[in-house]
Amino acid sequence: MIAIRHALTIKREDDFAQWYQEVISSADMAEESGVRGCMVIKPWGWGIWERMQHLMDRRIKAAGVQNAYFPLFIPLSNFVREAAHVEGFAKEMAVVTHHRLISDGKGGLIPDPEAKLEEPLIVRPTSETIIGDAMSRWIQSWRDLPLLLNQWANVVRWEMRTRMFLRTSEFLWQEGHTAHASAEDAMAETLRALEMYRAFAEEDAAIPVVVGEKPANERFPGAEATFSIEAMMQDGKALQAGTSHYLGTSFAEAADIRFQDREGTQQFCHTTSWGVSTRMVGAMIMVHGDDDGLRVPPTLAPFQVVILPMLREDDGDAALLAYCEELRGALLQQSAFGEPLRVLLDAKPGKAAAKRWDWVRKGAPLIVEVGPRDMADGKGAVLRRDRLWNDAAKPDFAFTPRDEIAAKAPAMLDEIQRALFEQAAGRREANVARDIDSLDALKAFFAENQRFPGWAEVQWSRPEGAALDKVVEQLKALKLTFRNVPANAAPADGKCLFTGEAAVERILVARAY
RNA sequence: CGGGGAGUAGCGCAGCCCGGUAGCGCAGGUGCUUUGGGAGCAUCAGGUCGCAGGUUCGAAUCCUGUCUCCCCGACCA
């Protein structure tokens, strides 16, 4: 067996956390900023997020939800209205207390004590309260409902332990906020958003997810019901990739969001909120990346095809570039996934071979290298990111006629998209245990699989209050968490793993990010 | 926020214990030779040693503080 010389220095199986960081830096996605928990998102990372935004925004608008924008700063008095919500977020809040700086007399600057704000402003950790405030003004009648809003925004939560894309103090997301006349309508919206997230994750990001409801202890502060999509990372841990909340009337009561129904009676609205964040970029890395770097699903790739001319800085370059330009033109005529192909002709000076590894690490789905002899043959050398290596441990180029490259590109991209999804789905299915029927078996399952814990889907009786707390404590001792109650799980037919009572449903247990 | 580790050239690191004006590999520039698949040789450039104080004739090195990153925990939709 010939050893493959991988494009990264750290392998997933050797140190997954280090590997994750190497992917981010070597794929040129993001870097540290010097401010705790805040990152600089570089063009390649940003381009991927922009693709996510584009595809998600399309789905949001297709559902009749309108975009709007609300302020970054929220008055403390506004935030303080919903008790459970405050309880949940108070510990991790950035607070603005001054509006001016003055010299400290030593060449530095300090907040001017004279410029203290009468009422502190908090930097939004989420926007339920300030959007609720607007809703209370905008909604008068049942005719104003449903009110379906979304905003793309940054939010801040003062995190103690941060990881790029997965948990940052400042992160970017979309947050949908809707108000409805009835609980049924609001719940339907909550589930519609959840299904939208499933479709986005699986169809757009090629990330298989488990859709389900969170147990009470994992609920959003102030919510009556929280749903999530959960994805399995390549180290076997779970990542919540999107959440949707049915908020009942608690936020409406706190912000006084009322409408007059057809009978003329004042009623509180039922509200929802739902969000997907830059964390999805982290999920993409940990689901699709390999020992050669990132692998971006073609739907998300800022460039789906990268053409690399083998420039020699001589008179032959002009003809080669013209040849590549024609290939680029032909590719641009093609579309995949309902959009024109995104093609880069990387004509920057430099060795094609060196640039190739850069694009491999960045995860461009298709790389086409073109040298003078390829040009003479009317061909190009096509490299698929999902099938990089041949049996000889060399990059597996397919020397393909130029016209054929353009004609075949959409189908290849489609195949790559499907392959990435299938690989991830296969890995997940192989690692969900559904036959664990005792706490000891659960312990043993996770003890035996330290390196790749996988998930356990177990039966439980859905205890509440103190009984639930006790179960959560037990899990915590094992470094485990409840993820969600899969919507498509088989019905319960046995006893609860934790209480011994009759089980009512099945719930996923996993280590989690 | 607790425990541990770390910050020296773009990246990866040595030097620190035992103070004497900074080094290696990769990457980068230039030249030559090569060149169909991650080139070789030569040569050059690049650093207020995270930041701020202190000790000292002299600090990357010793002391204090502080910021940031990584790992483990606590916390966390």
Side-chain angles (χ1 to χ4, degrees), chain A residues 4-7 9-10 15-18 20-22 25-26 28 31-39 84-85 87-93 106-108 125-126 128 155 157-164 166-169 171 173 175 213-223 225-230 239-245 247 273-277 279 292 308 310-314 316 349-361 367 369-377 379-381 383 388 390 392-397 399 476-477 479 481-484 512-513:
Chain A
I4 289 173
R5 186 181 159 198
H6 285 291
T9 61
I10 302 165
D15 189 336
F16 196 76
Q18 287 296 120
Y20 177 76
Q21 291 178 90
E22 190 183 9
S25 64
S26 70
D28 220 18
E31 63 182 23
E32 295 298 339
S33 66
V35 179
R36 185 185 177 81
C38 297
M39 60 178 177
H85 193 62
E87 170 109 19
F89 285 110
K91 297 183 294 283
E92 48 183 34
M93 208 71 77
K106 291 177 279 187
T126 178
E128 272 75 7
V155 290
R157 299 175 189 181
W158 214 260
E159 298 291 349
M160 288 299 131
R161 190 175 171 186
T162 62
R163 312 186 68 174
M164 278 209 250
L166 297 179
R167 175 165 286 111
T168 46
S169 295
F171 60 92
W173 72 350
E175 44 179 326
E213 181 174 359
K214 288 282 195 184
N217 66 302
E218 297 272 349
R219 262 180 217 143
F220 175 73
T226 287
F227 300 83
S228 70
I229 54 172
E230 303 280 337
L239 181 78
Q240 177 179 304
T243 50
S244 183
H245 317 289
L247 303 174
S273 67
W274 27 276
V276 157
S277 72
R279 190 176 229 213
D292 297 295
L308 295 176
M310 301 175 75
L311 300 171
R312 289 186 180 161
E313 301 188 24
D314 62 22
K351 300 279 283 189
K355 290 197 284 184
R356 170 170 81 229
W357 294 109
D358 289 341
W359 284 108
V360 164
R361 281 184 282 263
I367 295 169
E369 286 183 38
V370 184
R373 198 180 303 165
D374 298 316
M375 178 169 65
D377 296 347
K379 293 186 172 175
L383 190 58
L388 255 194
N390 63 19
K394 296 286 184 195
D396 193 12
F397 290 107
F399 293 87
K476 190 183 278 186
K479 294 204 243 177
T481 59
F482 284 129
R483 301 321 299 159
N484 67 20
Y513 279 98

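Heavy atoms only: backbone and side chains are in, while hydrogens, waters and symmetry mates are out. Order of the sequence lines sets the chain letters (A, B, ...), proteins ahead of strands, with each chain counted from 1.
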* Provide, to the nearest angstrom, the distance between the NZ atom belonging to Lys214(A) and the C1' atom belonging to C76(B). => 11 Å
Review item, nucleotides 11-14 of chain B N/O atoms under 3.5 Å of protein N/O:
none

* Structure fact -> The residue, Ala381(A) or Thr226(A), whose nearest nucleotide of RNA chain B is more 5′ is Ala381(A)
* Asked: G2(B) pairs with which nucleotide, Watson-Crick or G-U wobble, both distances below 3.5 Å?
  -> C72(B)
* To do: Classify the nucleic acid contact of Trp173(A) as base, sugar-phosphate or nothing, counting any heavy atom under 4.0 Å across all strands shown.
  => base
* To do: Would you mind classifying the nucleic acid contact of Pro215(A) as base, sugar-phosphate or nothing, using non-hydrogen atoms under 4.0 angstrom?
  => nothing
* Student check: side-chain heavy atoms of Met39(A) and Thr162(A) closer than 4.5 Å -> no
* **Base-pairing mate for G25(B) - Watson-Crick or G-U, with both contacts under 3.5 Å** => C11(B)
* Asked: Residues in side-chain hydrogen bond (donor to acceptor under 3.5 Å, both in side chains) with Trp173(A), at least two apart?
  -> Glu175(A)
* Asked: Roughly how far apart, to the nearest Å, are U64(B) and G5(B) at atom P?
  -> 15 Å
* To do: Counting Watson-Crick and G-U wobble pairs only, both distances under 3.5 Å, name the nucleotide matched with G20(B), or none.
  => C57(B)
* Tell me what Lys394(A) touches on the nucleic acid: a base, only sugar-phosphate, or nothing, going by heavy atoms under 4.0 Å. => nothing
* Across all strands, who's sitting opposite U48(B) as a Watson-Crick or G-U wobble pair, both distances under 3.5 Å? -> none
* Asked: Below 4.0 angstrom from OP1 or OP2 of C75(B), is there any side-chain N or O of Lys476(A)?
  -> yes
* Pairwise C1' distance, G7(B) and U66(B) [rounded to whole Å] -> 14 Å
* Please determine if Arg361(A) and Asp358(A) form a salt bridge, counting it only when a charged side-chain N lies under 4.0 Å from a carboxylate O. => yes
* To do: Would you mind reporting whether Tyr20(A) and Leu166(A) have side-chain heavy atoms less than 4.5 Å apart?
  => yes
* Using a 4.0 Å cut-off on protein heavy atoms (strictly under), produce a 5'-to-3' string for nucleotides 66-72 of chain B with B for base contact, S for backbone-only sugar-phosphate contact, and - for none. => --SSSSB
* Rounding to the closest angstrom, what is the interatomic distance between C49(B) and U21(B) at atom P? -> 14 Å
* Within the structure shown, what part of the strands sits under 4.0 Å from His85(A) by heavy-atom distance: base, sugar-phosphate, or nothing? -> nothing
* Asked: If you measure only the distance, is there a donor-acceptor pair under 3.5 Å linking the side chains of Thr9(A) and Glu22(A)?
  -> yes
* Please state how far atom CE in Met93(A) lies from atom P in C1(B), giving the value in whole angstrom units. => 16 Å
* To do: May I ask you to test the Met164(A)-Glu32(A) pair for a side-chain heavy-atom distance under 4.5 Å?
  => yes
* Taking only residues two or more places apart in sequence, or in another chain, which ones meet Glu230(A) in a salt bridge (charged side-chain N to carboxylate O under 4.0 Å, His left out)? -> Lys214(A), Arg483(A)
* What integer number of Å spans the P atoms of C41(B) and A52(B)? -> 41 Å
* Remember a base hit wins even if backbone is also touched, and classify Tyr20(A) as base, sugar-phosphate or nothing at under 4.0 Å, heavy atoms. => nothing
* To do: Applying ring pair (Phe, Tyr, Trp, His ring centres under 6.0 Å), name anything that partners Phe397(A), two or more places apart in sequence or on another chain.
  => none
* To do: By nearest nucleotide on RNA chain B, pick out whichever of Val370(A) and Arg219(A) is the more 5' one.
  => Val370(A)
* To do: Evaluate the side-chain proximity of Arg312(A) to Pro372(A): yes if any heavy-atom separation is below 4.5 Å, no if none is.
  => yes
* Asked: When you check the side-chain N and O atoms of Glu128(A) and Ser273(A), is any donor under 3.5 Å from an acceptor?
  -> yes
* For C41(B), which nucleotide in any strand shown is its Watson-Crick or wobble partner with both distances under 3.5 Å? -> G31(B)
* **Spacing between Asp15(A) atom CG and G5(B) atom C1', to the nearest angstrom** => 14 Å
* To do: Scan Pro395(A) against the nucleic acid and name what it touches under 4.0 Å (heavy atoms): base, sugar-phosphate only, or nothing.
  => nothing
* Whole-angstrom distance between G31(B) and U68(B), as gauged at atom C1' -> 42 Å
* Side-chain heavy atoms of Arg279(A) within contact of Leu239(A), under 4.5 Å -> yes
* U34(B) P sits how many Å from Asp314(A) CG, rounded? -> 14 Å
* Asked: How far, in whole Å, is U30(B) from C67(B) if one measures between their P atoms?
  -> 43 Å
* C1' atom, C57(B) versus A74(B): distance in rounded Å? -> 50 Å
* To do: Could you measure between the two C1' atoms, the one in C24(B) and the one in A14(B), and give it in whole Å?
  => 7 Å
* With the side chain counted from C-beta on, respond yes when Asn484(A) and Phe227(A) share a heavy-atom pair under 4.5 Å apart, and no when they do not. => no
* Does the side chain of Glu313(A) reach to within under 4.5 Å of the side chain of Pro349(A), using non-hydrogen atoms? -> yes
Are there any protein N/O atoms within less than 3.5 Å of an N/O atom in nucleotides 42-46 of chain B, and if so, which ones and at what distance?
none

* Looking across every strand, which nucleic acid part, if any, lies under 4.0 Å from Arg167(A) by heavy atom: base, sugar-phosphate, or nothing? -> base
* Identify whether any heavy atom of Ala353(A) sits under 4.0 Å from a base atom; if not, whether one sits that close to sugar-phosphate; answer base, sugar-phosphate or nothing. => sugar-phosphate
* **Distance in angstrom units between Asn217(A) CG and C76(B) P, rounded** => 10 Å
* Heavy atoms, side chains only, cut-off 4.5 Å: are Trp357(A) and Pro395(A) in contact? -> yes
